[in-house]
Amino acid sequence: MKFIDNENITDPSINLAIEEYALRNLPIDETYLLFYVNKPSIIIGKNQNTIEEINKDYVDKEGIQVIRRLSGGGAVYHDLGNLNFSFLTKDDGDSFSNFQKFTEPVTKALANLGVDAKLSGRNDIHVGERKISGNAQYLTKGKMFSHGTLLLDSEIEKVVDALNVNEEKIRSKGIKSIRSRVANINEFLEEKLTVDELKKVLLESIFPEGKVEIYKLTEEDWRGINQISQDRYKNWNWNYGKSPKFDLQRSKRFDAGTIDVRLNVSKGIIQECKIFGDFFGVGDVSEVEKMLMNITYEKNAIHKALADLDMTYYFGRISREGFIELIY
């Protein structure tokens with residue numbers, strides 16, 4: 001394993017570009033670890049409807065950057081008190097959706113500090129009942145990354161102000177408030193750590209005998225990174241996209257996450273379809289949207305259109321019947 005040095009950059013549009021560039025361009029047989037810390041920003045899941053996830057007035061007033069990532073899952077708030085980690089590796093067929101594999105090195109390092117952290121639910125790390133980390137994954141052409149947050153000394157109150165949290169999600173988890181559910185790692189430590197000290201703890205635990213082999217990004221790498229940043233992460237269409245008005249909306253929380261389907265139906269025909277949510281799938285849901293367009297808005301027609309759809313590939317563990325019931 002090699003550690004990618006991001007040169008302490010805190011611009012999320014660059015850090016996400018480093019992650020994407022490394023995944024697509026560095027040798028496939030090597031495994032990499034990347035750390036990055038972002039200035040205040042909201043990082044939106046790949047399939048989410050940005051404008052509904054954020055408190056736009058607050059975000060604009062505070063100058064918070066809003067950027068969509070490649071991986072699925074929900075929106076997260078980043079700031080200088082939050083350390084992000086990313087493992088980039090070849091997909092061996094047993095890694096995508098295996099959050100245990102990629103969170104275990106982190107929980108083991110935290111155990112060395114006396115913090116009893118465990119993977120909880122689908123993709124979170126908890127200490128007791130309180131969440132300190134959310135994780136997500138992305139897979140493409142036999143390569144993948146699994147990345148997560150580590151709340152060390154984050155301004156959690158700003159999470160509450162910056163994000164619009166889905167009430168159904170809160171009810172499904174029995175949560176009274178975000179603040180009571182989320183915690184900083186420093187709350188569990190007698191001696192508080194800085195982000196740099198936490199990085200050091202993680203590196204010493206993850207790399208054998210603390211011998212860290214560093215990958216230094218080259219000038220060619222940086223040209224590629226800056227191009228990706230410009231084309232994707234600084235692009236309004238990627239980060240926000242157009243959100244047309246729809247005349248039918250169906251939303252439900254499944255075990256694999258929330259799916260929110262929007263339809264425009266005219267004369268009994270589905271004219272437009274958009275699917276949002278915090279689910280984890282490999283496939284591009286725009287392909288599912290196309291399957292549903294220009295068909296009759298009728299259960300049998302929907303069933304027929306989706307007969308060969310690999311639900312797991314696009315949405316994770318959701319049944320075809322459950323999905324069709326949601327649409328109709």
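One-based numbering along the sequence shown.
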Are there more than 12 heavy atoms of other residues, nucleotides or ligands under 6.0 Å from atom NZ of Lys108? no

Any side-chain donor near an acceptor of the partner, Thr312 and Arg317, under 3.5 Å: no

Can you tell me how the ring of Phe102 sits relative to the ring of Phe87, calling it parallel under 30°, perpendicular over 60° and tilted otherwise? tilted

May I ask you to check whether Tyr233 and Glu20 show a side-chain donor-acceptor distance below 3.5 Å? yes

Identify the two heavy atoms, one from Val285 and one from Phe315, that lie closest to each other, and give their separation to 0.1 Å. CG1-CE2, 3.9 Å

NZ/NE/NH1/NH2 to OD/OE distance under 4.0 Å, Arg69 and Glu19: no

Using a 6.0 Å cut-off, check whether atom CD of Glu129 has over 12 heavy atoms from anything other than its own residue. no

Donor-acceptor pair between Asn84 and Asn82 side chains, under 3.5 angstrom: yes

Can you list the steps and then say if Lys199 with Asp196 is a salt bridge (Lys or Arg N to Asp or Glu O under 4.0 Å)? CA-CA 5 Å; Lys199 285 183 192 175; Asp196 283 340; 3.6 Å; yes

Under a single-linkage definition using a 4.5 Å side-chain heavy-atom cutoff for Ile, Leu, Val, Met, Phe, Trp and Tyr, are Phe85 and Ile185 assigned to the same hydrophobic cluster? yes

If you draw a 6.0 Å radius around CD in Glu220, do more than 12 non-hydrogen atoms from other residues or ligands fall strictly inside? no

Is the centre of the Phe323 ring less than 6.0 Å from the centre of the Phe254 ring? no

Residues, nucleotides or ligands: over 12 heavy atoms within 6.0 Å of Asp255 CG: no

With a 6.0 Å cut-off on ring centres, are Tyr138 and Phe145 close enough? yes

Please determine if Arg320 and Asp310 form a salt bridge, counting it only when a charged side-chain N lies under 4.0 Å from a carboxylate O. no

Around Glu321, counting heavy atoms of other residues, nucleotides and ligands shown, do more than 12 lie under 6.0 Å from its CD? yes

Determine whether the aromatic ring centres of Phe279 and Tyr314 lie less than 6.0 Å apart. no

Quick one: sort the Phe207 and Phe3 rings into parallel, tilted or perpendicular, breaks at 30° and 60°. perpendicular

Check step by step if salt bridge (Lys or Arg N to Asp or Glu O under 4.0 Å) holds for Asp124 and Arg122. CA-CA 6 Å; Asp124 295 339; Arg122 182 173 59 147; over 6 Å; no

Residues Arg253, Asp278; criterion salt bridge (Lys or Arg N to Asp or Glu O under 4.0 Å); working and verdict: CA-CA 9 Å; Arg253 184 152 187 86; Asp278 62 0; 3.3 Å; yes

